[in-house]
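Data block below; observations after.
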Protein chains: 2
Amino acid sequence: MPDISYRNLAESRHLRTDERLATILHAAARIMADEGYERATIRKVAASVGASIASLYYYFNSKEELLYQIQYCTFKTLLDNLDESLENVSDPDGRIRVLIRNHLDHFFRNLNELKVCSHELETLKGAYYESVKELRKTYFRTALGIVVDLLKDSGNTTLDPKLTTLNLFGMLDWIYTWYDPETGPSERKASNQITCLFLNGIRSPSR
Amino acid sequence: MPDISYRNLAESRHLRTDERLATILHAAARIMADEGYERATIRKVAASVGASIASLYYYFNSKEELLYQIQYCTFKTLLDNLDESLENVSDPDGRIRVLIRNHLDHFFRNLNELKVCSHELETLKGAYYESVKELRKTYFRTALGIVVDLLKDSGNTTLDPKLTTLNLFGMLDWIYTWYDPETGPSERKASNQITCLFLNGIRSPSR
DNA sequence: CCACGACTCGAACGTTCGTTCGACAAATCG
DNA sequence: CGATTTGTCGAACGAACGTTCGAGTCGTGG
């Protein structure tokens, strides 16, 4: 459902090139997720898609750009889908549920890309880093806004909205270290547990 | 206070060697935390301690062993201090507070080492990886035991103990991505926010 | 003082990496 | 069909890395 849309990058003139690029990016994301960015060599990506190393450079200028495109498109898709899903939801409770659901649905559907986004947060440098950082900041602001409303609704004055949002992202973004689609909990259960713990933590009278 | 004790490794016969090794490990941890394991070259570590590259190999056999020693000693110190702190605390509420406090105190006192532990979780391979993994499993079991008791005490049957513990570690282990000792919240505040959100989330009647 | 062990070092090695080059093949266009 | 554009490739390059070697220095003990 919420597959990563690499079409955001589509500037080439041919559908075939788009598909080829998407194939490369998916392969790169898988290898980067498995082995980390540094150990994910261009040679491994090329072997994975059955192409030569040099031919990959027709599609991107550098290895770093490869990571950038994966992260940019992943965050972009995540944000676009979130905006869409939030359109008809106005109560804070519902909105935070949508946000958590959106995030985890993307994670479950694109384990590799989401892992690369979480784990390689600080890997990019310069303009690439700033560009992705802008998306992340937008995402954080949206979440923070909802948390602020939530805390107000529940009369909770102990929890700091910013830190609470950071802690929510702690749970959401750390999931890649322990979630296993083969042996772990169901997607539904993993989602509900985070939602439940978080919302209860907010609503409870504090001490 | 809870500084990492590299003395766990002390097998050499000279105090001077121990101090030298600790200096190297601290430098390596800092560079690894700043740049990631792969980009933290032996040359950078050597330059940082003002020694030649080759002389570092008097102290360890490989770069991987360097990372192993950092992680092993960090987790070992963390666990030892946790055991000690838990000795006179028997109620689950108090125990979880001690655990969170212990974890974050270690983080605040050894930002680099704790970051290396969190970020390079899957970097080691083979026996080194298994050795550190054992410590992490022990840590998780201790935390899980406390969470089980907590959930029982509060009559909470909605939250799954294992997932709840994983989500707690999400908050604790993700902190390295956002905590900044210069500009961020106070240590006390950061700690209290996690404790508060977590404990309230557990105690609250669920929906 | 000598012998020995601890400790240090510059140079070098072999390997691996990201990237480029020049040539060629395939696809498209008029 | 010829010209042009798109897409692919093997070989090679220069840089960087972890590690080792052989020599030397330093510290300690008898």
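Because the structure is predicted, anything quoted here is derived from the model rather than measured. Per chain, numbering begins at 1; letters A, B, ... match sequence-line order.
Of the listed nucleotides (D:dG7, C:dC9, D:dC9), D:dC9 has the atom at the smallest distance from the side chain of A:Ser55.
For the atom pair CZ of B:Phe107 and OG of B:Ser191, the computed distance is 10.0 Å after rounding to the nearest 0.5 Å. Here OH of A:Tyr72 is found 10.0 Å from CD of A:Glu134. Values are rounded to the nearest 0.5 Å.
By the 30° and 60° cut-offs, the orientation of the rings of A:Tyr179 relative to A:Phe108 is tilted.
For B:Asp160, the side chain to side chain donor-acceptor pair (under 3.5 Å) test picks out A:Lys189, with sequence neighbours left out.
Note that A:Lys63 lies in the cation-pi zone of A:Tyr37, set by a 6.0 Å cut-off to the ring centre and a 45° limit from the axis.
Rounding to whole angstrom units, CD1 of residue B:Ile24 and C1' of C:dC7 are separated by 11 Å. At whole-Å resolution of the value, OH in B:Tyr58 and P in C:dT8 are 8 Å apart. Rounded to a whole Å, the CG atom of A:Leu56 is 14 Å from the C1' atom of C:dC17.
Of the side-chain N and O atoms in A:Tyr59, none sit less than 4.0 angstrom from OP1 or OP2 of D:dT6.
Enclosure of atom CD in B:Glu84 is not indicated, since only 12 or fewer non-hydrogen atoms of other residues, nucleotides or ligands lie within 6.0 angstrom.
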Item to check | Base versus backbone protein contacts along nucleotides 15-22 of chain D [heavy-atom cut-off under 4.0 Å; B, S, -] | outcome: --BBBBB-
